[in-house]
Amino acid sequence: MSATEITPTEQADRVAIRALVDAYARCADRRDAHGQKSLFTEDTHFVVYMDGDGTEPTQELDGLEALTPVFNELNKYEATTHFNGQSTIALDGNRATGESYCLAHHLFTDDGKRKLMVASLRYHDTFVKLDGAWLFAERKLYVDWTETRPSLP
């Protein structure tokens, strides 16, 4: 499909969904659990696969309030930076699915030594448009790999 075949509504929806994905990362880095939760539907489904694609879920949460401890878990890090990369979106009216990539950097101190854990993440998302706003209806987080190394200030 060429760019000229995309309707203005589809363009707006694609931009809004990308803004949603970016808002999730921004809220994570700002430790804004309330803001992060506002990006999800009330009956959201959130699944974590710490061992990557093709493995059993390590965490499965249903409903908006179940997300609070997951988002608060980031508080154990001194700082985080989530870099969102490529993404794909398939629109279907007021629903959409997508996959996005993220490199997440987590700074912490262990035994008095500063360390950096980098995680390569992929999200498989289901989005829904409610009252004109796109939200996450389901988010599956896949940790493809991690690396922990010393980090000098």
Side-chain angles (χ1 to χ4, degrees), residues 1-3 5-77 79-108 116-149:
M1 173 186 306
S2 72
E5 295 176 31
I6 299 174
T7 68
T9 300
E10 185 178 348
Q11 287 176 345
D13 285 341
R14 288 179 180 280
V15 169
I17 290 170
R18 180 56 193 224
L20 176 68
V21 169
D22 289 344
Y24 177 91
R26 183 182 186 286
C27 287
D29 290 338
R30 299 293 181 264
R31 304 302 185 270
D32 181 3
H34 179 72
Q36 218 169 357
K37 283 176 21 182
S38 74
L39 306 173
F40 289 81
T41 61
E42 285 290 330
D43 63 345
T44 197
H45 186 66
F46 192 94
V47 187
V48 179
Y49 297 84
M50 288 300 290
D51 298 320
D53 204 4
T55 65
E56 292 296 313
T58 52
Q59 199 168 24
E60 197 161 352
L61 306 164
D62 288 302
L64 198 55
E65 289 312 311
L67 300 178
T68 301
V70 174
F71 298 156
N72 284 338
E73 181 71 11
L74 288 175
N75 291 326
K76 70 181 183 183
Y77 297 105
T80 60
T81 302
H82 290 73
F83 284 109
N84 287 329
Q86 70 271 26
S87 62
T88 57
I89 299 167
L91 292 167
D92 185 15
N94 286 337
R95 294 190 64 81
T97 56
E99 179 181 48
S100 59
Y101 286 69
C102 178
L103 284 178
H105 299 72
H106 304 78
L107 190 66
F108 64 100
L116 179 67
M117 188 272 285
V118 179
S120 175
L121 309 176
R122 279 180 306 113
Y123 295 96
H124 288 188
D125 296 312
T126 301
F127 308 99
V128 64
K129 191 176 187 180
L130 296 174
D131 299 324
W134 285 97
L135 299 170
F136 294 105
E138 180 178 67
R139 182 150 244 219
K140 293 180 179 177
L141 185 160
Y142 295 90
V143 179
D144 287 332
W145 57 262
T146 64
E147 177 187 357
T148 301
R149 60 183 180 249

Exercise. Just by modelled atom types, is the H105 backbone N or O under 3.5 Å from a matching donor or acceptor in the T81 side chain?
Worked result: no

Exercise. What orientation do H106 and H82 show, parallel under 30°, tilted 30 to 60°, or perpendicular over 60°?
Worked result: perpendicular

Exercise. Between R14 (side chain) and I89 (backbone), is there a donor-acceptor pair under 3.5 Å?
Worked result: yes

Exercise. Can you list the residues that meet the side chain to side chain donor-acceptor pair (under 3.5 Å) rule with K129, with sequence neighbours excluded?
Worked result: D13

Exercise. Are any side-chain N or O atoms of R31 and backbone N or O atoms of D29, one a donor and one an acceptor, separated by less than 3.5 Å?
Worked result: yes

For this session: Write down the atom of A33, the atom of N72, and the distance for their closest heavy-atom approach.
Result: CB-OD1, 3.7 Å

Problem set entry | G85 to R18 - nearest heavy-atom pair and separation | O-NH1, 2.9 Å

Exercise. Which value, rounded to the nearest 0.5 Å, describes the distance between D125 atom CG and L20 atom CG?
Worked result: 8.0 Å

Problem set entry | Heavy-atom pair of closest approach, residues S38 and L135 | O-CD2, 3.6 Å

Exercise. Ignoring hydrogens and geometry, is there a side-chain-to-backbone donor-acceptor pair from T44 to A137 under 3.5 Å?
Worked result: yes

Seminar exercise, completed: Nearest heavy-atom approach of A66 to L61 is O-CD1, 3.7 Å

Seminar exercise, completed: Taking every heavy atom of K37 against every heavy atom of L64, the minimum-distance pair comes out as O-CD1, 3.1 Å

Problem set entry | ring pair (Phe, Tyr, Trp, His ring centres under 6.0 Å) partner of Y123, the single match among F136, Y24, Y142, Y101 | Y24

For this session: Check whether more than 12 heavy atoms from other residues, nucleotides or ligands sit under 6.0 Å from atom CD of E42, and answer yes or no.
Result: no

Seminar exercise, completed: Interatomic distance, CG@D43 vs CG@D62, rounded to 0.5 Å, equals 9.0 Å

For this session: Quick one: closest heavy-atom pair of T97 and F127, and the distance?
Result: C-CE1, 4.0 Å

For this session: Ignoring hydrogens and angles, tell me if any N or O in the side chain of H124 forms a donor-acceptor pair with the backbone of K140 under 3.5 Å.
Result: no

Exercise. So F71 and D32, side chain to side chain contact (heavy atoms under 4.5 Å, CB included) or not? Walk me through it.
Worked result: CA-CA 8 Å; F71 298 156; D32 181 3; over 6 Å; no

